[in-house]
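Note that the structure is a prediction, hence the values are computed from the model and not measured. Keep in mind that the numbers below use all heavy atoms, side chains included, and drop hydrogens, waters and symmetry copies.
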Amino acid sequence: MDTDRERHRARETAFYLFTQQSLPACKPVLTPGWVIAIFLFMGVIFIPVGLVTLRASHCVVEIVDRYDIDCVPEPSRMDKVSYIQDDSIPKNCSRFMKVHKYMKAPIYIYYQLDNYYQNHRRYVKSRSDKQLLDGQKYHDTSYCQPVESNNNRPIVPCGLIAWSLFNDTFEFIREGAELKVNRKNIAWKSDRGHKFGKNVYPFNFQNGTLIGGGKLNPEIPLSDQEDLIVWMRTSALPSFRKLYGRIEEDLDVDDVVVVNLMNNYNTYSFGGKKKLVLSTSSWLGGKNDFLGHACVFVGCSSLTLAIIFVLLHVKYRR
């Protein structure tokens, strides 16, 4: 009993001290010397890091080709939506991508979409993660509306995200020989193993009157449909890139890569853009100058402030 009372008193005392702001605390005094030293240290650290990051980004070789306009025949460019929705018109197109700098394998293939708001609240909610994992065993798919069922039968996978699956295809040829594209392991391993069922197969998918995007092979489980897995990881920004595959051969300077593509995906109805990207990588990843510029900016700002404080301290010592 005495021990319990002592603990209770100790708790009351600590709580009292805390509420009265009487607990011991660290109260650093920022003298001019400490402030100048901190800013100098930040400048010395951030500027080299930023320069190294920029160098890594500039080592990445990237080829970007926008094809959504040029792959529409001249007579159909006044009404691109009707063209893309007309199944009787062939959608095949050829593009030429010239290599201006040596590209070392693996060369990553991305498709880039602009003005595509995958972060729209209604779009993001239109999916069922439990159905993706358990298939038709899971019946509560109310979040998938308006793509929940068709002809009173469930749709697997349901929802607007899966329904709008990107379905342009690409074939790459160099000097008359086809470049093999490795399309395995393009999705996150955690997604393949834990978010998409190994025994869940597409069912009643894209069988309605309104077709959204790509179709899925009903004989392949969702865990192996990596195009779908990549697409289902929605982007937070209206301009985004998604991995399509990898070319595992080097490309030399002045090589011309012929791209035979199928321009199937409808971005014309909302003013979107489609681009094809070939890119190498560095230890930092793909090409991205923002991080390097941000580090250099922070470092230069810190050095500038340090110099200003030094001058002020010399002039006004008190």
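Using a 4.5 Å heavy-atom threshold, the side chains of Val200 and Leu133 count as separate. Between Arg246 and Ile186, some side-chain heavy-atom pair lies under the 4.5 Å cut-off. Side-chain contact between Val61 and Lys104 is absent, with no heavy-atom pair separated by less than 4.5 Å. You'll find the side chain of Asn92 stays beyond 4.5 Å of the side chain of Asn260, heavy atoms only. You'll find the side chain of Arg77 reaches within 4.5 Å of the side chain of Asp70, heavy atoms only.
Between Ala56 and Leu284 the shortest heavy-atom distance is CB-CB, 4.3 Å. Shown here for Ile69 and Arg66, the closest heavy-atom pair between the two residues is CD1-NH2, 3.4 Å. The two atoms that bring Cys93 and Arg95 nearest to each other are SG-CD, 4.0 Å, heavy atoms only. Pro157 approaches Leu222 most closely through the heavy-atom pair CD-CD2, 4.3 Å. The minimum heavy-atom distance linking Gly245 with Val181 is given by the pair CA-CG1, 4.0 Å. The heavy-atom pair separating Ser279 from Tyr110 by the smallest distance is CB-CE1, 4.2 Å.
Around atom CZ of Phe270, more than 12 heavy atoms belonging to other residues, nucleotides or ligands sit under 6.0 Å away. Remark: Arg122 CZ is packed, more than 12 non-hydrogen atoms of other residues, nucleotides or ligands lying under 6.0 Å away. Residue His58 qualifies as enclosed at atom NE2: its count of foreign heavy atoms under 6.0 Å is above 12. Within a 6.0 Å radius of CG in Asn199, other residues, nucleotides and ligands contribute 12 heavy atoms or fewer. Within 6.0 Å of the OH atom in Tyr102, the count of heavy atoms belonging to other residues, nucleotides or ligands exceeds 12. Within a 6.0 Å sphere centred on CZ of Arg233, heavy atoms belonging to other residues, nucleotides or ligands number more than 12. More than 12 heavy atoms of other shown residues, nucleotides or ligands fall within 6.0 angstrom of atom OH in Tyr268.
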Exercise. Is there a side chain to side chain contact (heavy atoms under 4.5 Å, CB included) between Ser282 and Arg55 once you walk through the steps?
Worked result: CA-CA 10 Å; Ser282 67; Arg55 179 177 176 79; over 6 Å; no
Where do Gln131 and Val156 land on the side chain to side chain contact (heavy atoms under 4.5 Å, CB included) test, with the steps shown first? CA-CA 7 Å; Gln131 189 210 53; Val156 181; 3.6 Å; yes
Go through it in stages, so that I can follow the logic: the residues are Lys242 and Phe166, the test is side chain to side chain contact (heavy atoms under 4.5 Å, CB included), and I'd like the CA-CA distance, side-chain angles, deciding distance and then a yes or no.
CA-CA 10 Å; Lys242 291 185 182 292; Phe166 186 81; over 6 Å; no
Apply side chain to side chain contact (heavy atoms under 4.5 Å, CB included) to the pair Trp283 and Val52, showing each step before the final yes or no. CA-CA 11 Å; Trp283 61 268; Val52 171; 3.8 Å; yes
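Exactly one residue among His194, Lys198, Lys195 makes a side chain to side chain contact (heavy atoms under 4.5 Å, CB included) with Ser223. That residue is Lys198. Between Leu179 and the choices Val258, Val259, Ile173, Leu251, the side chain to side chain contact (heavy atoms under 4.5 Å, CB included) rule is met once, by Leu251. Among the candidates Lys101, Met97, Lys98, the single residue satisfying the side chain to side chain contact (heavy atoms under 4.5 Å, CB included) test with Ile63 is Met97.
Going from atom NE2 of His120 over to atom OG of Ser126 covers 11.5 Å, rounded to the nearest 0.5 Å. To the nearest 0.5 Å, atom CG of residue Asp227 and atom OG1 of residue Thr169 are 10.5 Å apart. Atom-to-atom distance recorded for Phe39:CZ and Thr304:OG1 is 10.5 Å, nearest 0.5 angstrom. Rounding to the nearest 0.5 Å gives a distance of 6.0 Å between CZ of Phe205 and CG of Leu165. The structure places CD1 of Ile155 at 6.0 Å from OG of Ser149, a figure rounded to the nearest 0.5 Å. Here Glu62 contributes atom CD and Met103 contributes atom CE; the two are 8.5 Å apart, rounded to the nearest 0.5 Å.
The backbone N or O of Ala187 lies less than 3.5 Å from a partner atom in the side chain of Glu226, making a donor-acceptor pair. A donor-acceptor pair under 3.5 Å is absent between the side-chain atoms of Thr141 and the main chain of Glu148, judged by distance alone. Formation of a donor-acceptor pair under 3.5 Å by the Asp250 side chain with backbone atoms of Ala105 is found in this model. Of the possible donor and acceptor atoms, one in the side chain of Ser57 sits under 3.5 Å from a partner among the backbone N and O of Asn288. For Thr53 (side chain) and Val49 (main-chain N/O), a donor-acceptor pair under 3.5 Å exists by modelled atom type. No donor-acceptor pair under 3.5 Å is formed between the side chain of Glu248 and the backbone N or O of Lys180. Looking only at distances, a side-chain donor or acceptor of Tyr244 sits under 3.5 Å from a matching main-chain atom of Phe170. Using a distance-only test at 3.5 Å, with no hydrogens or angles considered, a donor-acceptor pair links the side chain of Gln118 to the main chain of Ser235. No side-chain donor-acceptor contact under 3.5 Å links Gln225 to the backbone of Leu216. Between the side chain of Asn204 and the backbone N or O of Asn150, at least one donor-acceptor pair lies under 3.5 Å.
Taking the centre and axis of the six-membered ring of Tyr83, the NZ or CZ atom of Lys91 falls inside the cone set by 45° and 6.0 Å. Stacking of Arg127 on the aromatic ring of Tyr143 is not recorded, the 6.0 Å distance cut-off and the 45° axial limit not both being met.
A single hydrophobic cluster is not seen to contain both Trp163 and Ile84; linkage of ILVMFWY side chains at heavy-atom distances under 4.5 Å, directly or through other members, places them apart. Phe203 and Val147 end up in the same hydrophobic cluster when Ile, Leu, Val, Met, Phe, Trp and Tyr side chains are linked at under 4.5 Å. Side-chain heavy atoms closer than 4.5 Å link hydrophobic residues (I, L, V, M, F, W, Y) into clusters, and following such links, possibly through other members, connects Val35 to Leu303. When the side chains of ILVMFWY residues are joined at heavy-atom separations under 4.5 Å, either directly or via intervening members, Leu261 and Val72 end up in two distinct hydrophobic clusters. Connection of Tyr138 to Tyr201 is not established within any shared hydrophobic cluster, with ILVMFWY side chains joined at heavy-atom distances below 4.5 Å, either directly or through further cluster members.
The pair Asp140-Lys130 does not count as a salt bridge, with every side-chain nitrogen at least 4.0 angstrom from each carboxylate oxygen.
A side-chain donor-acceptor contact under 3.5 Å links Asp114 and Ser239. No side-chain donor from either of Thr234 and Tyr123 sits under 3.5 Å from a side-chain acceptor of the other.
Checked against the 6.0 Å centroid criterion, the rings of Trp231 and Tyr116 qualify as a close aromatic pair.
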